[in-house]
Q: 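Got a structure for you, questions after.
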There are 2 protein chains.
Amino acid sequence: MREREEYLFELFENLLRIKNECSCKIFSECGLSDITIRQIAYLKTIDEQGDITFSRLAEITRNSKPTITETIKKFIQMECVYRERCPDDGRVLYIRLTGKGQRIARAERDSLRQVIGRMMDSLDTHEQEHLIGLLKKVG
Amino acid sequence: MREREEYLFELFENLLRIKNECSCKIFSECGLSDITIRQIAYLKTIDEQGDITFSRLAEITRNSKPTITETIKKFIQMECVYRERCPDDGRVLYIRLTGKGQRIARAERDSLRQVIGRMMDSLDTHEQEHLIGLLKKVG
DNA sequence: CTTAATTAGTTAGGTTTTGCCTAATGATAA
DNA sequence: TTATCATTAGGCAAAACCTAACTAATTAAG
């Protein structure tokens, strides 16, 4: 019992290690190995919100507008976002993710997806269903 | 196939969410909800190394000794570490983790352990073995 | 239909915190 | 007395915020 628990722990630890390597690889491929969690969180917010403006991002993150201007400036230098003027209102600018920005924003999920993909490859249909059944019991 | 993959993804995402809640709870219980990753990494190093001195920690982390003095000062204020003079050499100080420091250093692993514990509780012996068998194929 | 008020974002200039450094100093050991 | 371990003093650069004053575009009011 105790043994099985320990073994399961090690198996999961290994999966998490692989997942972590995957997301580090994504950051490294984007040339952004030293991006901060805070920055990733900003990019995630931009990704989730869709048509997001400077004012709205300031509101959501509870920062002043100048802070957002600065943050976005840095992201533009990093080639993670660009600005797009709203066609209906010339005062408004939308913050848009570049391909790189989107990769970063979704790195966490995508790295898990990669690990799951590997799992699918190592198991046949029957085993896959079995695994799902077991994990369903847990959740 | 695609469906099963997506479902498996969601199941794992859920497990990771639970694990994350567990580790956040640990930090919060220690009154250190806004501890940084860097600080956690230092505490992990101290935990792993055992009898570690200021000079050695400076060496491992590639920092100057004054930087380490400062870092440790902050940890002492946070009640995560204390200093213990070496009985054999009065110049040397060991950096020791307090209970709180150890909890933080091990939060990541312990939160995974908690999740695994829950899994064990929801499955019988046979199912546990089956799960191990499937994950072993993957790793 | 122009002018005044409002709104969106920027600039300028500042603060605080973090995370590091070198050089000099004190205490202990060899 | 020379070397080693840690500390103090003082400083630097970057991060992550801020307020106040500004520009440009829109809306509303006379």
Side-chain angles (χ1 to χ4, degrees), chain A residues 27 30-46 49-97 101 104-105, chain B residues 27 31-46 49-98 101 104-105:
Chain A
F27 298 142
C30 289
L32 295 172
S33 287
D34 52 0
I35 193 165
T36 67
I37 321 172
R38 197 176 305 243
Q39 287 175 322
I40 295 168
Y42 274 101
L43 292 176
K44 270 186 184 169
T45 303
I46 296 166
Q49 293 283 321
D51 283 349
I52 193 170
T53 65
F54 283 74
S55 297
R56 180 80 186 109
L57 186 57
E59 212 175 283
I60 292 170
T61 63
R62 290 181 201 175
N63 283 129
S64 69
K65 283 193 273 184
T67 299
I68 299 302
T69 298
E70 238 179 296
T71 304
I72 297 302
K73 243 185 205 166
K74 212 173 293 166
F75 279 144
I76 289 172
Q77 277 177 358
M78 293 160 75
E79 299 178 318
C80 285
V81 311
Y82 60 97
R83 302 178 316 169
E84 189 171 78
R85 196 163 291 278
C86 173
D88 303 333
D89 186 338
R91 292 168 304 182
V92 174
L93 290 169
Y94 291 124
I95 305 165
R96 306 276 190 214
L97 290 184
I104 303 283
Chain B
F27 299 142
L32 295 173
S33 288
D34 51 0
I35 193 165
T36 67
I37 320 171
R38 197 175 305 246
Q39 287 175 322
I40 295 169
Y42 273 102
L43 293 176
K44 271 186 184 168
T45 304
I46 296 167
Q49 293 284 322
D51 283 350
I52 193 171
T53 65
F54 283 75
S55 297
R56 180 81 187 109
L57 186 56
E59 212 175 282
I60 293 171
T61 63
R62 290 179 202 176
N63 283 127
S64 69
K65 281 193 271 185
T67 299
I68 299 302
T69 299
E70 239 178 293
T71 304
I72 297 302
K73 243 186 205 168
K74 211 172 295 166
F75 280 144
I76 289 172
Q77 277 176 358
M78 292 160 73
E79 298 178 319
C80 285
V81 313
Y82 61 96
R83 301 177 315 170
E84 189 170 81
R85 195 164 292 278
C86 172
D88 305 332
D89 185 340
R91 292 168 304 179
V92 174
L93 290 169
Y94 291 123
I95 305 166
R96 305 275 190 215
L97 291 183
T98 61
I104 301 282

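Values below: every heavy atom of this structure, side chains too, minus hydrogens, waters and symmetry copies.
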Q: For D:dT8, does OP1 or OP2 lie under 4.0 Å from any side-chain N or O of B:K65?
A: no
Q: Can you tell me how far P of D:dA15 sits from CD1 of A:I37, to the nearest Å?
A: 15 Å
Q: A:M78 has an atom CE; how far is it from atom P of D:dA15, in whole Å?
A: 10 Å
Q: Using a cut-off of less than 4.0 Å, is there contact between a side-chain N or O of A:T67 and OP1 or OP2 of D:dA16?
A: no
Q: Could you tell me how far apart B:K74 (NZ) and C:dC20 (P) are, to the nearest whole angstrom?
A: 9 Å
Q: To the nearest 0.5 Å, what is the distance between OG1 (B:T98) and CE (B:M78)?
A: 10.0 Å
Q: Please tell me if the side chains of B:I95 and B:F75 come closer than 4.5 Å, counting only heavy atoms from C-beta onward.
A: no
Q: For a quick check of understanding: with a heavy-atom distance under 4.0 Å over all strands, which category does B:R85 fall into, base, sugar-phosphate or nothing?
A: nothing
Q: Please determine whether a side-chain nitrogen or oxygen atom of A:T69 lies at a distance below 4.0 Å from atom OP1 or OP2 of C:dT10.
A: yes
Q: Which part of the nucleic acid does A:S55 contact within heavy-atom distance under 4.0 Å: base, sugar-phosphate only, or nothing?
A: sugar-phosphate
Q: Could you tell me how far apart A:I35 (CD1) and D:dA16 (P) are, to the nearest whole angstrom?
A: 11 Å
Q: Rounding to a whole Å, what distance do you find between B:E70:CD and D:dG11:P?
A: 14 Å
Q: Identify whether any heavy atom of A:T53 sits under 4.0 Å from a base atom; if not, whether one sits that close to sugar-phosphate; answer base, sugar-phosphate or nothing.
A: sugar-phosphate
Q: Does this structure show an ion pair linking A:K73 with A:E70, if we count only N-O contacts that are shorter than 4.0 Å?
A: no
Q: Rounded to the nearest angstrom, tell me the gap between atom OH in A:Y94 and atom C1' in C:dA8.
A: 12 Å
Q: State whether B:Y42 places a side-chain N or O below 4.0 Å from either non-bridging phosphate oxygen (OP1 or OP2) of C:dT18.
A: no
Q: From C-beta outward on A:R91, which listed nucleotide comes closest to its side chain: C:dA27, D:dA6, C:dA8?
A: C:dA8
Q: Could you check how far CZ of A:R38 sits from P of C:dT18, rounded to whole Å?
A: 10 Å
Q: Counting only side-chain nitrogens and oxygens, does A:S64 get under 4.0 Å of the OP1 or OP2 atom of D:dC18?
A: yes
Q: B:I72 has an atom CD1; how far is it from atom P of D:dT8, in whole Å?
A: 14 Å
Q: Below 4.0 angstrom from OP1 or OP2 of C:dT11, is there any side-chain N or O of A:K73?
A: yes
Q: Does a side-chain N or O from A:R83 land closer than 4.0 Å to OP1 or OP2 of C:dT10, or not?
A: yes
